[in-house]
Amino acid sequence: MSLSLLANALVALVAALHLYFLVLEMFFWTKPLGRRVFRLTPEFAEASKTLAANQGLYNGFLSAGLIWGLLQGSAGVPTQLFFLACVVVAGVYGAATVGKKILFVQAVPAALAAALVLLA
């Protein structure tokens, strides 16, 4: 497998993760799946559903940017790197303010993808 193909696969994985976050936060936040994934009480989920939907929308924009970068081919490398950097910053901030798990679920995959994009 070429380095470029591996880089594109990892960028696509990061984009897919953020689409998954969008769905969880916008559509399943108050449902059993969303409450289980985010360890929420029904009361907290209901009280925070508007904030979660907003957060999901931002995750959708990150995913859209990464997909846009992939669709541009080699010309999309700067776009991919910009959106991967946004994901890393959001993941580091989330790890510092919400929980360390976010670092490994969000920031590390994006940082690895960025490294591969740069190497390819």
Side-chain angles (χ1 to χ4, degrees):
M1 177 182 285
S2 76
L3 195 54
S4 179
L5 185 59
L6 187 59
N8 285 343
L10 197 49
V11 171
L13 174 65
V14 173
L17 279 171
H18 284 272
L19 277 178
Y20 175 65
F21 301 153
L22 173 147
V23 170
L24 282 175
E25 293 166 347
M26 292 189 82
F27 305 110
F28 290 98
W29 188 258
T30 59
K31 308 288 189 270
L33 174 64
R35 291 195 325 262
R36 184 173 57 252
V37 167
F38 295 107
R39 298 182 184 133
L40 307 172
T41 65
E43 298 78 20
F44 182 81
E46 189 60 38
S48 60
K49 70 182 179 182
T50 302
L51 293 172
N54 187 49
Q55 186 170 293
L57 188 62
Y58 282 96
N59 278 308
F61 289 135
L62 292 171
S63 181
L66 292 170
I67 293 167
W68 176 40
L70 285 170
L71 292 175
Q72 293 175 4
S74 61
V77 167
T79 303
Q80 292 174 37
L81 291 172
F82 172 79
F83 282 97
L84 288 167
C86 291
V87 171
V88 170
V89 170
V92 169
Y93 183 78
T97 59
V98 177
K100 300 289 182 241
K101 181 180 175 185
I102 295 172
L103 186 69
F104 300 102
V105 172
Q106 189 171 336
V108 169
L112 290 173
L116 286 177
V117 167
L118 287 168
L119 289 173

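All of these numbers come straight from a predicted model, not from anything done at the bench. Basis for what follows: all heavy atoms, side chains included, without hydrogens, waters or symmetry-related copies. Along the sequence shown, the residues carry numbers beginning at 1.
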Closest non-hydrogen atom pair between [X] and [Y], with its separation:
X	Y	answer
Arg35	Pro42	CD-CA, 3.6 Å
Glu25	Asn59	OE1-ND2, 2.8 Å
Thr79	Gln72	OG1-OE1, 3.4 Å
Leu62	Cys86	CD2-CB, 3.6 Å
Ser4	Ala120	CA-CB, 3.7 Å

What is the distance from atom NE2 of His18 to atom CG of Leu13, rounded to the nearest 0.5 Å?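 It comes to 9.5 Å.
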Nearest 0.5 angstrom please: Gln80 CD to Leu71 CG, how far?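 Answer rounded to 0.5 Å: 9.5 Å.
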Side chain of Trp29, backbone of Gly34: donor and acceptor closer than 3.5 Å?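 Not at all, since once roles are kept as given, no pair shorter than 3.5 Å links the two residues.
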List for me each residue that meets side-chain hydrogen bond (donor to acceptor under 3.5 Å, both in side chains) alongside Lys49, sequence neighbours excluded, and say none if there are none.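 In terms of side-chain hydrogen bond (donor to acceptor under 3.5 Å, both in side chains), with neighbours along the sequence ignored, Lys49 is linked to Glu46.
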Side-chain donor-acceptor distances from residues 93-111 under 3.5 Å, at least two apart:
| residue | atom | partner | partner atom | Å |
| --- | --- | --- | --- | --- |
| Thr97 | OG1 | Tyr93 | O | 2.8 |

From Asn8, Leu10, Val11, residue fulfilling side-chain contact (heavy atoms from CB on, under 4.5 Å) relative to Leu116: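 Looking at Asn8, Leu10, Val11, the match for Leu116 under the side-chain contact (heavy atoms from CB on, under 4.5 Å) is Leu10.
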Single-linkage hydrophobic cluster, 4.5 Å side-chain cutoff, [X] and [Y] together:
X	Y	answer
Val14	Val88	no
Phe44	Leu51	no
Val87	Leu57	no
Tyr20	Ile67	no
Tyr58	Phe82	no

Side-chain contact, heavy-atom cut-off 4.5 Å: Val77 with Leu81?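 In short, these two side chains touch, coming nearer than 4.5 Å.
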Does Phe28 CZ have over 12 foreign heavy atoms under 6.0 Å away?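 Open.
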Report the C-alpha distance between Val37 and Leu33 in whole Å, list the side-chain angles of each, state the deciding distance to 0.1 Å, and finish with yes or no for side chain to side chain contact (heavy atoms under 4.5 Å, CB included). CA-CA 6 Å; Val37 167; Leu33 174 64; 4.0 Å; yes
